Amino acid sequence: MTSSSDAADFPAATGAQFTLRNGGATAIIASLAAGLRHYDKGGVELVESYPADTIAPGAAGITLAPFANRIEDGLWQLDGAPQQLDITEVPFHNAIHGLLRNTGYHAVEIAPTHVLLEAVIHPQHGYPFLARHQVRYELSESGDLRVAQTLINDSTATAPFVLGAHPYFTLGTTPAEELRIQLNAERYLSVDERKIPTETVPVAGIFDLREGAAVSESIIDHAFTDLITDDGVARHTLSAPDGRSVSLWHDGSVQYVHVYITHDFPGRSLAVAMEPMTGPANAFNSGDGLRQLAAGESFTMSWGIESKL
């Protein structure tokens, strides 16, 4: 393992900070939740940033394991035995955003253009498995960002899981109200009043984003699936009137993208999250997208951010 002067040597609310530079881009990774705290290319910010001494607002940039999004009532069944997770979304009485949101990851590898972080998921009420979540961030020579999230099952039993991430996208100082969102997906998941999916249906109306739509007219909080790929890669894009764009890309390991367009992000009148996930909310109960990881095995989810500036 190599060391880097870009790893912060001072305490911060979000833990150690790791700064990556390449291709005119800069990314700052916080050890808390292995979060993407800042990313710009050529000085143009491409994700919502936040200070090192502030916990990620709206879960901005954090990674999610061993479940993403919500589990209804924090309750699921393992071989017929109820498993009760902590309720972390109190208004809707759900568990949300995995078990590592408040965990500091440690560095396994540090280099000027990449960092590999790891955290342990210890057996606990609601999830009786021992696992490791590794997150590798890398900046390419073009300044684009690649992320690989790997779950390793160190248990003696097969463990269910969903992986995800929670980046919010932006295009510098262009207000989100002026952006358009284009999502390559043919179906979406309708939800109830507690944001729990009820059924998967073809995209239509404001949920049909295949040709693009104004962000200001697309206030949604839903997962999309049946993702359209090109040579095994899907891309979903925010674009500005001047032709600049930023895209979430992912490979086939990602079967769902959750779109969250909100007026509630601190300091913004409107913010846009496009969240790559291997499964949707409540997958531990519905089985949709839920994967099973055998003892000693691993699974990797790959995604990243590209831009045209």
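Below, each value reflects all heavy atoms present in this structure, side chains not excepted, and no hydrogens, waters or symmetry copies. Nothing here was measured: the structure is a model prediction, and the numbers come from that model.
The backbone N or O of Asp73 lies less than 3.5 Å from a partner atom in the side chain of Gln84, making a donor-acceptor pair. A donor-acceptor pair is defined here as one N or O able to donate and one able to accept, closer than 3.5 Å; no such pair exists between the side chain of Arg21 and the backbone of Thr113. With hydrogens and angles disregarded, a donor-acceptor distance shorter than 3.5 Å links the side chain of His263 to the backbone of Ser269. Judged by distance alone, the side chain of Asp251 and the main-chain N or O of Ser253 form a donor-acceptor pair under 3.5 Å. A donor-acceptor distance shorter than 3.5 angstrom exists from the side chain of Gln124 to the backbone of His122, with no hydrogens or angles considered. A distance-only check finds no donor-acceptor pair linking the side chain of Asn282 to the backbone of Ile196 [under 3.5 Å]. Side chain of Arg132 to backbone of Ile121: no donor-acceptor contact under 3.5 angstrom is found. Ser31 places a side-chain N or O within donor-acceptor distance of the main-chain N or O of Ala16, the cut-off being under 3.5 Å. The main-chain N or O of Phe161 is never found under 3.5 Å from a side-chain atom of Arg291 such that the two would form a donor-acceptor pair. The closest donor-acceptor contact from the side chain of His38 to the backbone of Ser49 lies at 3.5 Å or more, if one exists at all.
Remark: the Ser239 side chain and the Thr237 side chain contain no N/O donor-acceptor pair separated by less than 3.5 Å. Counted by atom type alone, Thr150 and Thr300 present one or more donor-acceptor pairs between their side chains at under 3.5 Å. A donor and an acceptor atom, one from each side chain of His236 and Gln182, are nowhere located under 3.5 Å apart. A donor and an acceptor atom, one from each side chain of Asp86 and Thr88, are nowhere located under 3.5 Å apart. At a cut-off of 3.5 Å, with distance as the only test, a side-chain donor of Ser190 or Thr198 sits close to an acceptor on the other residue.
Scanning all heavy atoms of the two residues, the minimum distance from Asp221 to His258 falls at OD1-NE2, 2.5 Å. Between Ala185 and Ile228, the shortest heavy-atom distance links the atoms N-CD1, 4.2 Å. In terms of heavy atoms, Leu179 sits closest to Thr174 at CD2-CG2, 3.7 Å. Considering every non-hydrogen atom in both Leu117 and Ala30, the closest pair reads CD1-O, 4.2 Å. The minimum heavy-atom distance linking Met301 with Leu163 is given by the pair SD-O, 3.7 Å. The two residues Ser302 and Arg146 have their closest heavy-atom pair at OG-NH2, 3.8 Å.
Both Val257 and Ile261 are members of a single hydrophobic cluster when ILVMFWY side chains are connected at heavy-atom separations under 4.5 Å. Note on Val147 and Leu64: separate hydrophobic clusters, where clusters join Ile, Leu, Val, Met, Phe, Trp and Tyr whose side-chain heavy atoms are under 4.5 Å apart, directly or indirectly. Residues Val115 and Ile62 are members of separate hydrophobic clusters, defined by side-chain heavy-atom contacts under 4.5 angstrom among Ile, Leu, Val, Met, Phe, Trp and Tyr. Under the 4.5 Å side-chain heavy-atom criterion for grouping Ile, Leu, Val, Met, Phe, Trp and Tyr, Leu75 is not connected to Ile96 through any hydrophobic cluster. By the criterion of side-chain heavy atoms lying less than 4.5 angstrom apart, applied directly or through intervening Ile, Leu, Val, Met, Phe, Trp or Tyr residues, Val203 is not grouped with Tyr256; the two fall into different hydrophobic clusters.
Atom CD in Glu306 sits 10.5 Å away from atom CG in Leu145 (nearest 0.5 Å). Between Thr173 atom OG1 and Glu178 atom CD the span is 9.0 Å, to the nearest 0.5 Å. Rounding to the nearest 0.5 Å gives a distance of 12.0 Å between OG1 of Thr63 and CD of Gln134. Note: Leu32 CG to Gln17 CD = 9.0 Å, rounded to the nearest 0.5 Å. The line from CG of Leu171 to CD of Glu45 is 11.0 Å long, rounded to the nearest 0.5 Å. Here the straight-line distance linking atom CD1 of Ile29 with atom CG of Leu36 works out to 5.0 Å at 0.5 Å rounding.
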Query - Residue pair Thr229, Arg235: steps toward the side-chain hydrogen bond (donor to acceptor under 3.5 Å, both in side chains) verdict - result: CA-CA 7 Å; Thr229 64; Arg235 287 176 175 83; over 6 Å; no

Query - Check against side-chain hydrogen bond (donor to acceptor under 3.5 Å, both in side chains), His133 and Tyr105 - result: CA-CA 9 Å; His133 185 221; Tyr105 285 59; 2.8 Å; yes

Query raised in the report: Could you go step by step and tell me if Leu293 and Ile152 meet the side chain to side chain contact (heavy atoms under 4.5 Å, CB included) rule?
Result: CA-CA 8 Å; Leu293 193 61; Ile152 304 165; 5.9 Å; no

Query raised in the report: Is there a side chain to side chain contact (heavy atoms under 4.5 Å, CB included) between Leu238 and Val215 once you walk through the steps?
Result: CA-CA 9 Å; Leu238 280 183; Val215 165; 3.8 Å; yes

**Report entry** Full working for salt bridge (charged side-chain N to carboxylate O under 4.0 Å, His left out) between Arg210 and Asp208
**Finding:** CA-CA 6 Å; Arg210 291 173 293 184; Asp208 188 353; 2.9 Å; yes

Requested in this report: Begin with the C-alpha distance, continue with both residues' side-chain angles, and end with the deciding distance and a verdict on side chain to side chain contact (heavy atoms under 4.5 Å, CB included) for Ser218 and Leu209.
Outcome: CA-CA 9 Å; Ser218 308; Leu209 302 174; 4.0 Å; yes

Report task. Starting from the C-alpha separation in whole Å, work towards a yes-or-no answer on side chain to side chain contact (heavy atoms under 4.5 Å, CB included) for Ile181 and Met274. Result -> CA-CA 10 Å; Ile181 183 170; Met274 294 189 291; 4.0 Å; yes

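The side-chain heavy atoms of Asn69 and Met277, taken from C-beta on, include a pair separated by under 4.5 Å. Counting heavy atoms from C-beta on, the side chains of Thr26 and Tyr39 never come closer than 4.5 Å. The shortest side-chain heavy-atom distance between Lys195 and Asp192 does not fall under the 4.5 Å cut-off. Looking only at side-chain heavy atoms (C-beta outward), Arg136 and His114 come within less than 4.5 Å of each other. Side-chain contact between Gln149 and Leu151: absent, with no pair of heavy atoms (C-beta onward) separated by less than 4.5 Å. Here the side chains of Glu199 and Leu189 are not in contact, with every heavy-atom distance at 4.5 Å or above. Asp144 has its side chain within reach of Ser307: a pair of non-hydrogen atoms, C-beta onward, lies under 4.5 Å apart. Side-chain contact between Tyr127 and Phe67 is absent, with no heavy atoms from C-beta onward closer than 4.5 Å.
Enclosure of atom CD1 in Ile55 is not indicated, since only 12 or fewer non-hydrogen atoms of other residues, nucleotides or ligands lie within 6.0 angstrom. Counting heavy-atom neighbours within 6.0 Å of Glu211 CD, excluding the residue itself, gives a total of 12 or less.
Classification of the His166-His97 ring pair by plane angle, with boundaries at 30° and 60°, yields perpendicular. The aromatic rings of Phe224 and Tyr188 sit tilted, their planes meeting at an angle between 30° and 60°. Using the six-membered ring where Trp is involved, Tyr168 and Phe265 have ring planes that are tilted, between 30° and 60° apart.
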